[in-house]
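To keep things clear, I will list the structure first and then write my remarks on it.
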Amino acid sequence: MNISANHHQELSTAMQILENPGIAAKITNLIGSPIEKGLERLPASWNGKIGEITKTALLKAADAAVLTMKESPNSKASNLWHKIGVASSGAIGGFFGLPALAIELPLSTTIMLRSIIDIARSEGESINDPATKLACLEVFALGGKSQSDDATESGYFTVRAALSKSVGSAAEFITKNAVADKSAPQLVKLVVKIASRFNIQVTEKVAAQAIPAIGAAGGAIVNTIFINHFQDMAKGHFTVRRLEKIYGKELIQSEYEKIAAQRRSM
């Protein structure tokens with residue numbers, strides 16, 4: 001089966017989104033200050049704390065976000081309202097600094113997950129489907145490199161493959177039990193894997209907000225970049241999933257990798 005010209009263009013656009021630079025580069029470009037300056041200001045003890053807060057934030061978001069969303073496939077995503085919500089929480093974080101992260105991150109993560117679910121719904125996904133709910137969580141693992149990654153381990157399909165076993169186990173549990181229990185070992189294992197990648201981007205966000213000149217206004221800007229990034233990842237992710245349902249995963253992955261290789265050779 002050949003991919004239509006329109007779908008090939010959609011796949012190309014999705015690839016460019018999903019393989020783009022991470023949050024650090026985007027923040028640096030906007031605020032004009034290297035993110036490393038903020039990283040140097042973070043206390044060494046905060047690395048572990050950020051990791052725990054990130055995991056807790058994802059678990060709370062997974063528990064809360066789906067409950068307030070209604071089934072409405074193909075409806076337009078409400079990106080602006082979610083941006084406003086996350087920007088507001090970022091202003092709080094920018095004003096109060098690191099101690100506010102435990103309050104601000106669960107709130108902003110839940111809002112972002114609601115936005116991701118909204119985007120999934122706009123791409124024709126059923127938010128009542130456990131696979132869709134878990135695909136929404138997967139978005140937090142995209143668009144940023146883990147510390148253990150090498151040059152070949154950060155691509156979109158590589159990340160999905162690394163999560164696939166945990167996603168499958170969690171989906172099977174949710175389907176059998178007809179409920180997404182956030183304390184279920186299968187879901188916790190998946191969230192921990194996603195959090196290990198999401199944590200890198202959260203740390204970069206916190207580092208930017210730690211730069212003295214940022215303040216509340218800068219915190220709102222940084223959080224806007226944060227949600228823009230994950231809204232972009234969601235759009236790319238669910239475009240690929242939509243095309244996979246039409247053409248099959250193998251063909252879409254093959255075409256995606258061809259497009260990526262062509263781009264690298266330019």
Side-chain angles (χ1 to χ4, degrees), residues 18 47-71 73 102 105-121 123-149 153-203 230 233-234 236-242 244-245 248-250 252-253:
L18 292 163
N47 287 332
K49 289 181 181 178
I50 292 174
E52 284 302 312
I53 292 171
T54 299
K55 184 172 72 173
T56 299
L58 278 175
L59 284 170
K60 287 184 177 179
D63 190 46
V66 176
L67 300 179
T68 56
M69 302 293 286
K70 296 179 180 179
E71 181 72 272
L105 187 63
L107 175 60
S108 60
T109 302
T110 298
I111 296 171
M112 286 194 297
L113 183 54
R114 279 180 52 84
S115 181
I116 290 166
I117 293 167
D118 210 10
I119 291 168
R121 188 173 59 182
E123 289 291 327
E125 299 266 357
S126 168
I127 62 171
N128 291 329
D129 184 349
T132 297
K133 296 176 183 180
L134 298 176
C136 290
L137 284 174
E138 278 185 294
V139 172
F140 288 106
L142 303 175
K145 292 185 68 174
S146 165
Q147 290 175 326
S148 62
D149 288 344
E153 292 181 331
S154 59
Y156 168 70
F157 279 101
T158 304
V159 173
R160 281 182 62 183
L163 295 173
S164 63
K165 185 176 180 180
S166 295
V167 168
S169 296
E172 183 179 3
F173 176 86
I174 294 171
T175 300
K176 287 182 178 179
N177 293 274
V179 63
D181 180 0
K182 69 177 181 180
S183 64
Q186 296 89 336
L187 185 56
V188 171
K189 184 177 180 180
L190 174 62
V191 168
V192 168
K193 281 193 170 185
I194 293 171
S196 69
R197 304 188 69 87
F198 184 42
N199 179 51
I200 303 300
Q201 297 169 88
V202 171
T203 300
F230 288 108
M233 293 299 110
H237 183 42
F238 288 106
T239 295
V240 171
R241 280 175 57 88
R242 173 167 51 80
E244 286 176 346
K245 291 172 185 177
K249 185 174 179 179
E250 288 187 5
I252 291 302
Q253 181 173 352

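Here NZ of K60 is found 10.0 Å from CG of L105. Values are rounded to the nearest 0.5 Å. Separation of atoms OG1 (T203) and NZ (K49) is listed at 13.5 Å; rounding is to 0.5 Å. For the atom pair OG1 of T109 and CD1 of I116, the computed distance is 9.0 Å after rounding to the nearest 0.5 Å. Rounding to the nearest 0.5 Å gives a distance of 8.5 Å between CD1 of I117 and CZ of F238. Here the straight-line distance linking atom CD of E138 with atom CZ of R197 works out to 11.5 Å at 0.5 Å rounding.
Contact record, L134 with A171: CD1-N, 3.3 Å, taken as the closest heavy-atom pair. Contact record, T110 with P106: OG1-O, 2.8 Å, taken as the closest heavy-atom pair. Scanning both residues, K55 and V192, for their nearest heavy atoms gives CD-CG2, 3.6 Å. Closest approach of L163 to A141, counting heavy atoms only: CD1-CB, 3.9 Å. Between A61 and L113 the shortest heavy-atom distance is O-CD2, 3.4 Å. The shortest non-hydrogen separation linking A170 to L190 is CB-CD2, 4.2 Å.
Residues L187 and L137 form a side-chain contact, since some pair of their non-hydrogen atoms from C-beta on lies under 4.5 Å apart. Counting heavy atoms from C-beta outward, P130 and F173 have side chains that stay 4.5 Å or more apart.
With hydrogens and angles ignored, the 3.5 Å screen pairs a side-chain donor or acceptor of S164 with a backbone N or O of A161. The closest donor-acceptor contact from the side chain of T54 to the backbone of A195 lies at 3.5 Å or more, if one exists at all. Judged by distance alone, with hydrogens and angles left aside, the side-chain atoms of S196 form a donor-acceptor pair with the main-chain N or O of K193 at under 3.5 Å.
Counting heavy atoms of neighbouring residues, nucleotides and ligands inside a 6.0 Å radius, atom NZ of K249 exceeds 12 of them.
Classification of the F140-F230 ring pair by plane angle, with boundaries at 30° and 60°, yields tilted.
Every residue meeting the salt bridge (charged side-chain N to carboxylate O under 4.0 Å, His left out) condition with R160, not counting sequence neighbours, appears here in chain and number order: E244. When the salt bridge (charged side-chain N to carboxylate O under 4.0 Å, His left out) test is applied to K245, the partners found at least two apart in sequence or on another chain are E125.
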Given the rule in the side chain to side chain contact (heavy atoms under 4.5 Å, CB included) test, do V240 and L18 qualify, once you have shown the distances and angles that lead to the verdict? CA-CA 10 Å; V240 171; L18 292 163; 4.0 Å; yes
Run the side chain to side chain contact (heavy atoms under 4.5 Å, CB included) test on T132 and R241 for me, step by step, so that the C-alpha distance in whole Å, both residues' side-chain angles and the decisive distance to 0.1 Å come before the verdict. CA-CA 10 Å; T132 297; R241 280 175 57 88; 4.3 Å; yes
